[in-house]
Amino acid sequence: MPELPEVETVRRALEPVLTGARITGLDVRRERMVRRQPNPADVAARLVGRRVSQVGRHGKFLQLDLDDGEFVWVLHLGMSGRLTFDDDGAEPLHTNVVVRHDGGPDLWFVDPRTFGFMAVFTPEELAVSTIGALGPDALWELPESRALGEQLDGRSASIKSLLLDQRIVAGLGNIYADEVLHRSHIHPRRAGGSLDASELTALRRNVRLVLEAGIASGGTSLNDLAYLLPDGRAGQFLMKLRAYGREGGPCRTCGTPIERLVIAQRSSFFCPRCQT
DNA sequence: CCTCCATCCTGTGGGC
DNA sequence: TGCCCACAGGATGGAG
C-alpha cells in the first residue's frame with residue numbers, strides 16, 4: 001500500500017525517536033514477517049543490543065543503519081503495513097512484530113496481509129539482494145530526463161508498468177504512477193520507449209511534483225483501516241488525487257469521465273481525452 | 001535480457 | 001442479514 005510519500009512520512013516520524021536508540025528486545029509473533037533473511041534465526045541476534053545510527057529510506061524500503069553500518073535493518077510495509085509507537089492505547093489487531101528499545105515506547109509493526117517484512121542484513125548481503133538492485137530513489141536521486149529516456153529506450157512494456165518497476169526508479173506505486181501520468185498527459189498504455197523528449201521532461205517534473213505534494217499532505221489514506229501516520233492520523237492527499245480511484249468522475253482538467261483499465265494486473269485510472 | 005503471470009495474505013464493500 | 005465475489009497502496013520467481 002504505502003508508496004514513497006507514505007514511507008517517507010513514516011521515516012520522518014521514526015527518525016527522532018529511534019536515532020541513537022538501542023534495541024533491547026524483539027517479539028516476532030508471525031514468523032512470516034521475517035523474510036529474505038539469510039538465516040531467520042539470526043534476526044534477534046543481529047538486532048538486539050545494537051544502536052540505530054541512522055533512519056534511512058530507499059524507495060519504499062526503510063533502511064536503518066545499526067552500529068554505524070555494521071548491519072542494515074530493512075523494513076517494508078507491503079500493502080497493509082503500519083509502524084506505530086505504543087501510545088498506551090489498545091494494541092491493534094495484527095501487531096505482528098514488537099520492537100523494544102531505549103529511545104521511547106515500543107515500536108509496533110502492524111500488518112494484516114503480511115506482505116510487509118523485515119530483515120537484518122550485512123551491507124554485503126544487502127548489496128547482492130534484489131534490494132541492492134533498486135533503482136535511484138525517486139525523490140532523492142531522480143535521474144535527469146535524458147537518463148530516464150535511456151532507461152526506457154527500446155522498451156515495449158507500458159509506461160505504467162515501467163513506472164512500477166522499482167529497478168528503474170524506486171518509490172512510485174499504483175496511485176502516484178497514475179497521478180504522474182495524468183499530469184504529464186501520457187496514456188498509461190503507451191510503450192515506454194515511445195516517449196519523446198518533451199514528454200520525458202514533463203514526466204520527470206511531475207514525479208518530483210507529485211511525490212513532494214504527497215509528502216506535504218502526509219501521504220494518501222484511502223480509508224482509515226490501512227495506511228495511517230504513525231500518530232494515527234490519516235494522510236490528506238486523497239482529496240487531491242486527479243486520476244486514481246476516480247472512475248466515472250470528471251477529469252479535473254477537461255471534464256471527461258475518468259476511465260479504468262487493468263495494466264500489469266493493477267487498476268489504472270486515466271483521462272481518455274487528456275492522456276494520449 | 002524482457003514481458004507477463006500467479007502467488008503470498010486478510011479485510012472490506014457491493015450485489016444479490 | 002448473510003453469502004459470494006471482486007478488489008486492495010507490493011514484490012518476487014518462474015515460464016515463455
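Every chain is numbered from 1 and lettered A, B, ... according to where its sequence line falls, protein lines coming before strand lines. Predicted model only: the values in this text are computed from it and were never measured.
The phosphate of C/dT12 (OP1 or OP2) has a side-chain N or O of A/R36 nearer than 4.0 angstrom. Residue A/H76 has no polar side-chain atom (N or O) positioned under 4.0 Å from OP1 or OP2 of C/dG10.
Sequence neighbours left out, the pairs with a member in residues 238-250 of chain A that pass side-chain hydrogen bond (donor to acceptor under 3.5 Å, both in side chains) are A/S217-A/K240. Listed by first and then second residue, the ring pair (Phe, Tyr, Trp, His ring centres under 6.0 Å) pairs involving residues 107-152 of chain A amount to none (not counting sequence neighbours).
Not counting sequence neighbours, A/R183 has no partner by the salt bridge (charged side-chain N to carboxylate O under 4.0 Å, His left out) test.
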Scan the side chains in residues 156-165 of chain A for donor-acceptor partners under 3.5 Å anywhere in the protein, sequence neighbours excluded, and list what turns up.
from, atom 1, to, atom 2, distance (Å)
A/S158, OG, A/S161, N, 3.1
A/S158, OG, A/S161, OG, 3.0
A/K160, NZ, A/N174, OD1, 2.7
A/K160, NZ, A/D178, OD1, 2.7
A/K160, NZ, A/S267, O, 3.3
A/K160, NZ, A/S268, OG, 2.7
A/S161, OG, A/S158, O, 2.9
A/D165, OD1, A/R167, N, 2.9
A/D165, OD1, A/R167, NE, 3.1
A/D165, OD2, A/R167, NH2, 3.2

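When the C1' atom of B/dC1 is taken as reference, atom CG of A/D153 falls 14 Å away, rounded to whole Å. Going from atom CG of A/L172 over to atom C1' of C/dG10 covers 13 Å, rounded to whole Å. Atom C1' of nucleotide C/dG10 and atom CG of A/L75 are separated by 15 Å, given to the nearest angstrom. Look at CD on A/E247: it is 16 Å from P on C/dA6, rounded to the nearest Å. Between the C1' atom of B/dC2 and the CG atom of A/L164 lies a distance of 16 Å, rounded to the nearest Å. To the nearest angstrom, P of C/dT12 lies 9 Å from CD of A/Q166. Between the P atom of B/dT12 and the OH atom of A/Y227 lies a distance of 20 Å, rounded to the nearest Å. Straight-line distance from the CE atom of A/M118 to the P atom of C/dA11: 18 Å, rounded to whole Å.
Comparing the P positions of C/dC3 and B/dC9 gives a spacing of 25 Å, expressed to the nearest Å.
Other residues, nucleotides and ligands place more than 12 heavy atoms under 6.0 Å from the CZ atom of A/R29. Heavy atoms from other residues, nucleotides or ligands lying under 6.0 Å from CZ of A/R35 number more than 12.
At the heavy-atom level, A/Y244 lies under 4.0 Å from the strands shown only through sugar-phosphate atoms.
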Test log, rule side chain to side chain contact (heavy atoms under 4.5 Å, CB included), inputs A/L195 and A/L148: CA-CA 10 Å; A/L195 304 198; A/L148 279 177; over 6 Å; no
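Between the side chains of A/Y176 and A/E6, at least one donor-acceptor pair of N or O atoms lies under 3.5 Å.
Ion pairing between A/E15 and A/R12 fails under the 4.0 Å rule for side-chain N and carboxylate O.
Taking for each of A/R260 and A/R266 the nucleotide of DNA chain C with the nearest heavy atom, the 5'-most of the two is the partner of A/R260.
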Nucleotides 3-10 of chain B: protein proximity per nucleotide (B base, S sugar-phosphate only, - neither; heavy atom, under 4.0 Å): S-BB-BBB
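Every stem involving DNA chain B, taken as at least 3 paired positions in a row under the Watson-Crick or G-U wobble test at 3.5 Å, is listed here: B:2-8 with C:10-16, B:10-16 with C:2-8.
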